[in-house]
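To start, the structure under review is shown below, and the notes come after it.
Counting convention: from 1, in listed order, for ligands and their atoms alike.
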Amino acid sequence: MPVSRPLFVTLEGIEGCGKTTQISRLSTFLTRSGVAHKVTREPGGTPAGEEIRRILLTPRDPALTPLADLLLYGAARAQHLELVIEPALAAGRTVLCDRYRDATAAYQGFGSGLPLDIIDALHDLPGLNRRPDLTLLLDLPVATGLERARARQTSDGDILTRFEEATLTFHGKVREGYLELARREPSRFVVIDAAGPPEDVFERLRAPLAMRLGLREGSDG
Ligand code: TMP
């Protein structure tokens with residue numbers, strides 16, 4: 001089905017909110033609907049970005065400072081925008097991105113206390129100033145998200161390590177930060193209840209995405 005224009009869509013949420021599962025379901029839905037698209041993630045999405053991801057997610061003592069964190073997320077993002085996101089949009093493909101700049105505001109800003117002005121200033125730079133057209137925020141109580149993510153720990157050592165170091169309070173601030181960002185930009189954000197069975201959550205995500213892409217309701221089986 002033809003789409004009026006490609007959209008830059010981001011998925012956001014706290015740890016364990018189910019973004020990764022849902023993004024692959026959304027991708028299947030777009031394929032079945034004939035929507036050319038690219039699935040990607042941050043930090044990552046390019047070879048250099050994946051290397052930066054390893055630096056960012058490796059626990060270290062002393063830890064990276066919030067500013068060092070911000071600049072590394074920004075470096076990976078600049079690379080990702082220029083090499084992946086912009087070319088895909090220019091080629092008429094919708095982009096589904098697992099985390100983007102709202103993650104920086106939520107984690108480095110609301111979570112770690114870096115002033116939002118600094119984060120905004122970085123994202124005003126040419127090469128970093130692309131805003132998403134639509135942001136799907138998967139919202140979940142922190143305890144539920146952490147429990148879900150812990151259940152995956154045997155297959156994902158990097159999540160386990162992060163949780164040993166991160167407190168419930170920190171993730172609470174991140175969740176509240178995301179909700180605050182959504183309140184500030186209600187036309188860009190759709191807040192989705194991420195509790196319950198994944199198929200129910202998928203239906204909650206599919207409807208706003210289909211609407212924004214101008215797809216006929218019920219075009220997917
Ligand atoms: P993921 O587990 O969803 O792939 O995300 C990796 C981690 O990176 C997650 O703990 C959130 C964090 N993150 C930030 O702190 N700031 C950012 O800008 C991004 C993109 C991710």
Are any of the N/O atoms in Asp98 less than 3.5 Å from those in ligand 1? no
For residues Phe189 and Asp102, determine if any side-chain heavy atom of one lies less than 4.5 Å from a side-chain heavy atom of the other. yes
Could Glu203 and Arg206 be called an ion pair, given the rule that one side-chain N must be under 4.0 Å from one carboxylate O? yes
Tell me whether Leu128 is reachable from Phe8 by hopping between hydrophobic residues (I, L, V, M, F, W, Y) whose side-chain heavy atoms are closer than 4.5 Å. yes
Sub-3.5 Å N/O-N/O distance, Glu15 and ligand 1: yes
Atoms of ligand 1 under 4.0 Å from any heavy atom of Glu42, numbered from 1 in the order shown, are 20 (C)
Arg77 touching ligand 1 at heavy-atom level, < 4.0 angstrom: yes
Do Pro132 and Arg188 have side-chain heavy atoms sitting under 4.5 Å apart? yes
Taking 4.0 angstrom as the limit, do Arg183 and Glu180 come out as a salt bridge? yes
Using heavy-atom distances, let me know which of His171, Arg99, Glu12, Arg41 sits nearest atom 5 (O) of ligand 1. Arg99
Suppose I only count heavy atoms of Ala103 and a 4.0 Å limit; which atoms of ligand 1 are within that range? 16 (N), 17 (C), 18 (O), 19 (C), 20 (C)
Quick one: which ligand 1 atoms are inside 4.0 Å of a heavy atom on Gln108? 14 (C), 15 (O), 16 (N), 17 (C), 18 (O)
Does ligand 1 have any atom sitting under 4.0 Å from a heavy atom of Arg53? yes
Taking the basic N atoms (NZ, or NE/NH1/NH2) and the acidic carboxylate oxygens, is any pair closer than 4.0 Å for Glu12 and Lys19? no
For Lys19, atoms of ligand 1 separated by under 4.0 Å from a heavy atom: 3 (O)
By salt bridge (Lys or Arg N to Asp or Glu O under 4.0 Å) - contacts of Arg204 (at least two apart): none
